[in-house]
Amino acid sequence: MAGHSHWAGIKHKKALIDAKRGKLWSKLSKAIIVAAKLGGGDPDHNNRLRLAIDAAKAVSMPKDNIQRAIKRGTGELEGGNLEEVLYEGYGAGGVAVLCDVLTDNRNRTASEIRKIFEISDGKLGSAGCVAWMFEKKGMFLIPADKVDEDRLMEVALDAGADDVNRVGEKFEVTCTPEAYQAVSDALEAAGIVPEMREVARVPKNTVDVTDPDVARKVLKLMNRLDDHDDVQNVSSNFNIPEDVMTQVGSEA
């Protein structure tokens, strides 16, 4: 799980920058559009939509933007013609990479994603080549200095979380997607504020990346993919040891 936590922490910092320039709002709008398209526009009866709206609110997306995205998804407004695609491939050092994409032009996006892999010393693979290495999990990252470990474990596990682990300076709480909302609500009720929360593809096992040059290439690939307008989420199974992360951290 540590590899995912590394990237999740880096992605959280990037999200703060992306939110300021409006880029993240565009991605979250797409997530809301597709959720509403697939399950209807009522978040009380559409869990995926509720999660997408919560993510949008977490970065202060205006209510009007959220409502417009819902209406595009339900067909009340134009602009809801988006397709879900999962791209799979390998980064430097053979690490597995998954990209959740929402696009209105599959051919264009596939070409651009393939190029990103190639310039980052990676390779786009065929469907199913690495997806089996991951499972969907709810995940929360909480700064270790903001919460008592015993209290966190009591609240999270009682709400249905699978595990609570310390990863560096943070606690990582994981749960099934079905338990995500209950755990999120319990943490909020207890006054425990995660710095990041998401339902994501988490690796079943991780691959240690001990070569700083390989680590740089892996992180550049992850960043380039995450910067693509059509990419919603990027997951990988790398684990960069702390001493190596310190060497490349300024570039992450």
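No hydrogens, no waters, no symmetry mates; every other heavy atom, side chains included, goes into these values. These numbers come from a predicted model, not from an experiment.
Taking all atoms of both residues into account, the shortest heavy-atom contact from Pro203 to Ser236 is CG-O, 3.6 Å. Residues Leu82 and Lys37 approach most closely at O-NZ, 3.4 Å, considering heavy atoms. Across Met139 and Leu141, no two heavy atoms sit closer than the pair CE-CG, 4.1 Å. Of all non-hydrogen atoms in Ala36 and Ile70, the two that sit nearest each other are CB-O, 3.7 Å. Minimum heavy-atom separation, Val130 to Val97: CG2-O, 3.6 Å.
Between the side chain of Asn65 and the backbone N or O of Ser29, no donor-acceptor pair lies under 3.5 Å. A donor-acceptor contact shorter than 3.5 Å is absent between the side chain of Ser111 and the backbone of Asn107. Distance alone, capped at 3.5 Å, is enough to place a donor-acceptor pair between the Asn237 side chain and the Ala96 backbone. Between the side chain of Arg72 and the main chain of Glu78, a donor-acceptor pair closer than 3.5 Å is present. A side-chain donor-acceptor contact under 3.5 Å links Glu88 to the backbone of Gly128.
Under the side chain to side chain contact (heavy atoms under 4.5 Å, CB included) test applied with Leu221, the options Leu225, Leu219, Asn223, Val218 reduce to a single match, Leu225. Here the rule is side-chain hydrogen bond (donor to acceptor under 3.5 Å, both in side chains) with Thr103, and of Asn81, Thr109, Asp229 only Thr109 fits it. Between Asp64 and the options Met61, Gln67, Arg68, a side chain to side chain contact (heavy atoms under 4.5 Å, CB included) holds for only Arg68.
In this structure, Lys170 pairs ionically with Glu195, as a charged nitrogen and a carboxylate oxygen lie closer than 4.0 Å. One finds a salt bridge joining Arg108 and Glu112 here, because a Lys/Arg side-chain nitrogen approaches an Asp/Glu carboxylate oxygen to under 4.0 Å. A salt bridge is defined here as a Lys NZ or Arg NE, NH1 or NH2 lying under 4.0 Å from an Asp or Glu carboxylate O, and Asp213 with Arg216 meets this definition. Remark: Glu83 engages Arg106 in a salt bridge, criterion side-chain N to carboxylate O under 4.0 Å.
Tyr180 and Val34 are not part of a single hydrophobic cluster, where members link through side-chain heavy atoms under 4.5 Å apart. Under the 4.5 Å side-chain contact rule for hydrophobic residues, Val214 and Phe117 share a cluster. Under the 4.5 Å side-chain contact rule for hydrophobic residues, Val183 and Met196 do not share a cluster.
Interatomic distance, CD1 of Ile192 versus OG of Ser184, reported as 11.5 Å (0.5 Å rounding). Atoms CZ and CD, on Arg197 and Gln181 in that order, are 9.0 Å from each other to the nearest 0.5 Å.
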